[in-house]
Amino acid sequence: MNSSEEIAVSGMSAGRPALRMGPAELVQAAAMARRFYLEGKSKIQIAEEFGVSRFKVARVLETALERDLVRIEIRVPAELDAERSDALRARFGLRHAVVVESPAEEEESPDPESLGEVAADLLGELVTEGDVLGLAWGRSTIHMAAALDKLPPCTVVQLTGVYDAGTAERGSVEAVRRAAQVAGGEAHPIYAPMLLPDPATAAALRNQTGIARAFEHFDKVTVAAVSIGSWEPGISTVHDMLSEEERAHYASLGVAAEMSAHLFDAEGRRVGRDLGERCITVEADRLRRIPEVVAIAGGGRKAPAIDAVLRSGLVTSLVTDTAAADQLLAAAPPPLPALDRADPDEPGDA
């Protein structure tokens, strides 16, 4: 799709020849169109200026469009695909959907860095002063945090542990610090791995002072940014952290996607809930209560996983690319809009 989209209706398109406008009509129509489209005057103001009714003004403006005297162009930056974005928002019932053009050579690459840059701009729109911003671990959220250049004053909370404690400075801890620095607000990082060997170790870490303080902010989060992973090597951090035996076990349960250490089947139902007992992460029920949850994920290989998470009722908005969007638009629509926040595991919600 081009970055410029034109909307123009000619008199011929209605199945009848265009009526010829006289010079006086043309001049008047051009003047009224200039007042309305360029100078921002209302139809009532224009009517008063020309001594006609506002209904006359409305008819003249409509005629100006029909006769191709006025041509309206809707322009968005070249990297954004407005048509796919709106179609995706409507199909899944999202609050916001932003689709980024994906270069042909990167169509299968998961989460190109451009997604993080666009997501950073989206957060700049969504976050307001006094909000609590939650960031989950993920390559796309780390790219997003690195691209942030403006945020209203807000508190920033880490929603998950890190993939590897040894990469904390380059990962989600640093992302939280970076976002808080841009916002000039408090940072509440989590210095702990996302996945622990057993539930007892995870429970003990959750009770540590710094981690417990971050968890206390989970119910206050108003905007969250999360990543989505497919259940395959290199595209899901949780998948990569597990043993071969564990991967096979969860695959046998039908896992199709992972988000913040929560596993989902193709219909968006949570599977393998026992894994959550070993993880440092925001609970799914808490995620569902966050007013705005923005998922950042792209690439053709991730499309089925994105589809699964969009059906879970945990996400309200999506930043993705054209490679994933085309597959999502070809998929069957979900039973309920994403904004219903319905849990497909609950009776009557699916």
Do Asp219 and Arg289 meet the salt-bridge criterion of a basic N to acidic O distance under 4.0 Å? yes
I'd like to check Arg247 versus His239 (side-chain heavy atoms, cut-off strictly below 4.5 Å). Are they in contact? yes
Min side-chain heavy-atom separation Val221-Leu133 under 4.5 Å: no
Check Gly161 against Trp137 and note the closest heavy-atom contact, atom names and distance. O-CB, 3.7 Å
In Å and rounded to the nearest 0.5 Å, what is the CZ to CG distance from Arg89 to Leu339? 9.5 Å
Verdict with supporting geometry, Val226 and Val293, side-chain contact (heavy atoms from CB on, under 4.5 Å): CA-CA 7 Å; Val226 299; Val293 179; 4.0 Å; yes
Enter the distance from Leu148:CG to Glu117:CD here, rounded to the nearest 0.5 Å. 11.0 Å
Picking from Asp86, Leu88, Asp321, what satisfies side-chain contact (heavy atoms from CB on, under 4.5 Å) with Val99? Leu88
Donor-acceptor contact present, side-chain Ser140 to main-chain Gly116, <3.5 Å: no
Salt-bridge test for Glu39 and Arg34: reply yes if a basic N is under 4.0 Å from a carboxylate O, no otherwise. no
Within one Ile-Leu-Val-Met-Phe-Trp-Tyr cluster: Leu275 and Leu253, side-chain cutoff 4.5 Å: yes
Which atom names give the shortest non-hydrogen contact between Leu115 and Val319, and what distance separates them? O-CG1, 3.8 Å
Does a side-chain N-to-carboxylate-O contact under 4.0 Å join Glu49 and Lys41? yes
All heavy atoms of Ile211 vs all of Ala192, minimum pair found to be CD1-CB, 3.6 Å
Mind checking the CD1-OG1 spacing from Ile280 to Thr160? Nearest 0.5 Å is all I need. 10.0 Å
What's the verdict on side chain to side chain donor-acceptor pair (under 3.5 Å) for Ser243 and Glu246, showing C-alpha distance, side-chain angles and the deciding distance? CA-CA 5 Å; Ser243 67; Glu246 290 170 325; 3.2 Å; yes
When rounded to the nearest 0.5 angstrom, what distance separates CD1 in Ile46 from CZ in Arg54? 12.5 Å
Hey, are the side chains of Arg84 and Asp326 touching, using non-hydrogen atoms and a 4.5 Å cut-off? yes
Min side-chain heavy-atom separation Leu314-Ile290 under 4.5 Å: no
Donor + acceptor pair across side chains of Ser236, Ser230 (<3.5 Å): no
Derivation of the side-chain contact (heavy atoms from CB on, under 4.5 Å) call for Val57 and Ile44: CA-CA 8 Å; Val57 173; Ile44 293 177; over 6 Å; no
Taking the side chain from Ser85 and the backbone from Asp81, do they hold a donor-acceptor pair closer than 3.5 Å? yes
Taking C-beta and beyond as the side chain, do Val70 and Phe36 meet within less than 4.5 Å on heavy atoms? no
Does any non-hydrogen side-chain atom of Glu258 lie less than 4.5 Å from one of Phe264? no
Between Ser260 and Thr281, the two heavy atoms sitting closest are O-OG1, 2.7 Å
Hey, what do you get for OH (Tyr37) to CE (Met32), rounding to the nearest 0.5 Å? 12.5 Å
Intermediate values then yes/no, side-chain contact (heavy atoms from CB on, under 4.5 Å), Leu94 and Leu310: CA-CA 9 Å; Leu94 294 159; Leu310 291 181; 4.0 Å; yes
Under 3.5 Å donor-acceptor, Lys43 side chain and Phe55 backbone: no
Shortest non-hydrogen contact from Val100 to Ser114? CG1-OG, 3.9 Å
Closest heavy-atom pair, Ala29 versus Val60, reported as atoms and distance to 0.1 Å, is CA-CG1, 3.5 Å
Return the OG to CG distance between Ser312 and Leu263, rounded to the nearest 0.5 Å. 12.0 Å
Check whether any side-chain heavy atom of Val162 sits under 4.5 Å from a side-chain heavy atom of Val173, and report yes or no. yes
His188 pairs by side-chain contact (heavy atoms from CB on, under 4.5 Å) with which of Gln158, Glu216, His217? His217
Decide, yes or no, whether a salt bridge links Arg59 with Glu62 under the criterion of side-chain N to carboxylate O below 4.0 Å. no
Do Val255 and Asp265 make a side-chain contact, defined as non-hydrogen atoms from C-beta onward lying under 4.5 Å apart? no
Which of these, Arg288, Arg270, Arg311, Arg273, sits in a salt bridge (charged side-chain N to carboxylate O under 4.0 Å, His left out) with Asp345? Arg273
Donor on one side chain, acceptor on other, Ser317 and Glu292, under 3.5 Å: yes
Is the backbone N or O of Ala324 less than 3.5 Å from a side-chain atom of Gln327, with the two atoms forming a donor-acceptor pair by type? no
Tell me, with the steps shown, if Arg91 and Leu328 meet side-chain contact (heavy atoms from CB on, under 4.5 Å). CA-CA 9 Å; Arg91 174 171 288 267; Leu328 291 168; over 6 Å; no
